[in-house]
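Because the structure is predicted, anything quoted here is derived from the model rather than measured.
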Amino acid sequence: MSRNVFRDDHLTFQSQVQRFILQEILPHYEQWEQNGVTPRDLWRKAGDNGLLNCAIPEPWGAGGDFGHSAIVIETIARANCLGIGFSIHSDMVAPYILRLGTTVQKDRWLPRMTSGESIGAIALTEPDAGSDLKAIRTRAKLAGSHYVLNGQKTFITNGVNADIVLVLASTHPEMGARGLSMLVVERGMEGFEQGQPLRKLGQHAQDTCELFFDNVEVPADNLLGQENAGFSYVTEELAQERLSIALRAAANLEGMIEETIEYVSQRKAFGRRVLDFQNTRFTLADAIAQSTMLRSFLDDCLERHMQGKLDATSAAIAKLNATELQGRLLDNLQQLFGGYGYMAECGIARAWADARALRLLGGTSEIMREIIGKSV
């Protein structure tokens, strides 16, 4: 379908991103899946090609808008490389620093993130605190010119590679959610340890790990924004995060529909192409029809977000619909591959496993339903 949400400069950039994926990602992706981590060298190459911090203005970023970010998100997802963590870095970490940071902080961290020299992560989730941020136990106590940080975070995307980590910690536990603050922890700080890559069901190339903080002395100058305002900051950034996840899900589904059509057009069973069976055509017809309707809604959300008008409920609807539909339709498409669809080296198998996380990231589907339900 034709899409009016992107301008000519977005489409030109899309060709550049496609070339980058073809040359720098796809030839190596299987090895990264086995390693459980994406090499740091890829980030520097991505920075050289303008794929990082696309929507961050100059002189700190690439100077584009979220349409350029969406191009990177969608093109990587369509290529079935959901393990690449650029979006967390560019569309979650960097916007916090841009919006909340002082000029000194922005000058210090953002250009290095844009070049790929520094890799960003955000640490919200804890072993006993997922979507419920009010249950966070990581503590940061002000002691003169620094905070003393203690605690543990888990399921942190880009955690192994991270040079800059936004850590949500409780600075005033007695205040509950109103006592959370955002601190920037940097690689090399004494007492800060980054765990080994966690073994996951999917997205194996994405380095996800635990982070440990043992009396880490974080300079008070590394406080991002105001003390005790962390919960509101996180809430305000969630709409973009959820839209980004929805865009990943939809683009990945579209890419897998194309791959399935190619497979069933060549594969034969009982002397006929698999595509010639009515069940196959009906399965594909349902996938095409539903993904086309999803794309229309997401493009509307994307356009509204680029205008600064996307509301929290619409973002929750986008994420819920996109990720649930992706999971359901990928399962149907995988069936058309037969036994080959269960083999790890088959693209549909990787997509099926990788997609499962998207119903959990950025708030579970149940949280999305709660948000939508409260708007009634």
Distance-only donor-acceptor hits, side chain of residues 278-287, under 3.5 Å, sequence neighbours excluded:
unit_1, atom_1, unit_2, atom_2, d
T280, OG1, V274, O, 2.8
R281, NH1, D276, O, 2.7
T283, OG1, N279, O, 2.9

Please find the pair of heavy atoms, one from [X] and one from [Y], that lie closest to each other, and give the distance.
X    : Y    : value
L26  : C81  : CD2-SG, 3.6 Å
Q290 : L325 : OE1-CD1, 3.1 Å
V160 : R187 : O-NH2, 2.9 Å
L223 : Q105 : O-NE2, 3.0 Å
S265 : I261 : OG-O, 2.6 Å
K200 : Q206 : NZ-O, 2.9 Å

Donor-acceptor pair, distance only, cut-off 3.5 Å: does the side chain of E126 make one with the backbone of T138?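 The answer is yes, because a donor-acceptor pair under 3.5 Å joins these two groups.
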So, the side chain of N35 versus the backbone of V37: is there a donor-acceptor pair under 3.5 Å, distance only?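 It does not hold such a pair.
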Checking salt bridge (charged side-chain N to carboxylate O under 4.0 Å, His left out) for the pair R78/E258: CA distance, chi angles, key distance, verdict? CA-CA 10 Å; R78 189 181 296 273; E258 294 173 2; 3.6 Å; yes
Cut-off 3.5 Å, side chains only: do T114 and N53 have a donor facing an acceptor?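 Distance-only check passes for T114 and N53.
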Does a donor on one side chain and an acceptor on the other come within less than 3.5 Å for E324 and S365?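 Side chains of E324 and S365: pair found under 3.5 Å.
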Under 3.5 Å, side-chain donor or acceptor atoms of residues 140-147 against the rest of the protein: list the pairs with distances, not counting sequence neighbours.
unit_1, atom_1, unit_2, atom_2, d
Y147, OH, E227, OE2, 2.5

Atom pair CG/CZ of N158 and F86 - distance to nearest 0.5 Å: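 Reported value, rounded in 0.5 Å steps: 9.0 Å.
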How long is the gap from OG1 on T75 to CZ on F13, to the nearest 0.5 Å?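 It is 8.0 Å, given to the nearest 0.5 Å.
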How would you list, by chain and number, every residue that makes a salt bridge (charged side-chain N to carboxylate O under 4.0 Å, His left out) with E30, sequence neighbours excluded?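 Expected list: none.
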Of the options H89, R108, R112, which is the one that meets S118 in a side-chain hydrogen bond (donor to acceptor under 3.5 Å, both in side chains)?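 Of the listed options, the one satisfying the test is R112.
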More than 12 heavy atoms of other residues, nucleotides or ligands under 6.0 Å from [atom1] of [X]: yes or no?
X    : atom1 : value
R273 : CZ    : yes
R137 : CZ    : no
F155 : CZ    : no
Q34  : CD    : yes

Candidate pair S244 and D91, rule side chain to side chain donor-acceptor pair (under 3.5 Å), full reasoning: CA-CA 8 Å; S244 299; D91 307 314; 4.7 Å; no
Can the ring centres of Y96 and Y233 be said to be less than 6.0 Å apart?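 No, ring centres 6.0 Å or more apart.
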Run N222 and M189 through side chain to side chain contact (heavy atoms under 4.5 Å, CB included) and show every step you take. CA-CA 12 Å; N222 281 30; M189 286 184 173; 3.5 Å; yes
Linking I/L/V/M/F/W/Y whenever their side-chain heavy atoms sit closer than 4.5 Å, directly or via other members, would L358 and W352 fall into one cluster?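 Looking at the clustering, W352 is in a separate group from L358.
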Are D300 and R304 ion-paired here, with the side-chain N under 4.0 Å from a carboxylate O?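 Answer for the salt bridge query: yes.
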Step by step, work out the side chain to side chain contact (heavy atoms under 4.5 Å, CB included) result for V234 and M182. CA-CA 9 Å; V234 171; M182 188 77 74; 3.9 Å; yes
Decide yes or no on side chain to side chain contact (heavy atoms under 4.5 Å, CB included) for M256 and E259, but give the supporting numbers first. CA-CA 5 Å; M256 289 303 99; E259 185 169 313; 3.5 Å; yes
Carefully, step by step, assess D299 and R295 under the rule salt bridge (charged side-chain N to carboxylate O under 4.0 Å, His left out). CA-CA 6 Å; D299 276 0; R295 173 55 64 197; 3.7 Å; yes
Do I84 and L42 touch side chain to side chain, with heavy atoms closer than 4.5 Å?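 In short, these two side chains touch, coming nearer than 4.5 Å.
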Begin from the C-alpha positions of F213 and K153 and carry the test side chain to side chain contact (heavy atoms under 4.5 Å, CB included) through to its verdict. CA-CA 9 Å; F213 311 96; K153 298 291 185 177; 3.7 Å; yes
Would you please test D354 and R248 for salt bridge (charged side-chain N to carboxylate O under 4.0 Å, His left out) and show each step? CA-CA 11 Å; D354 288 356; R248 291 175 73 195; over 6 Å; no
F20 and its side-chain contact (heavy atoms from CB on, under 4.5 Å) partner, picked from Q18, Q16, E24: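 Result for side-chain contact (heavy atoms from CB on, under 4.5 Å) with F20: E24.
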Of I122, I119, L211, which is the lone residue that meets side-chain contact (heavy atoms from CB on, under 4.5 Å) with V165?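 By the side-chain contact (heavy atoms from CB on, under 4.5 Å) criterion, V165 pairs with just one of I122, I119, L211: L211.
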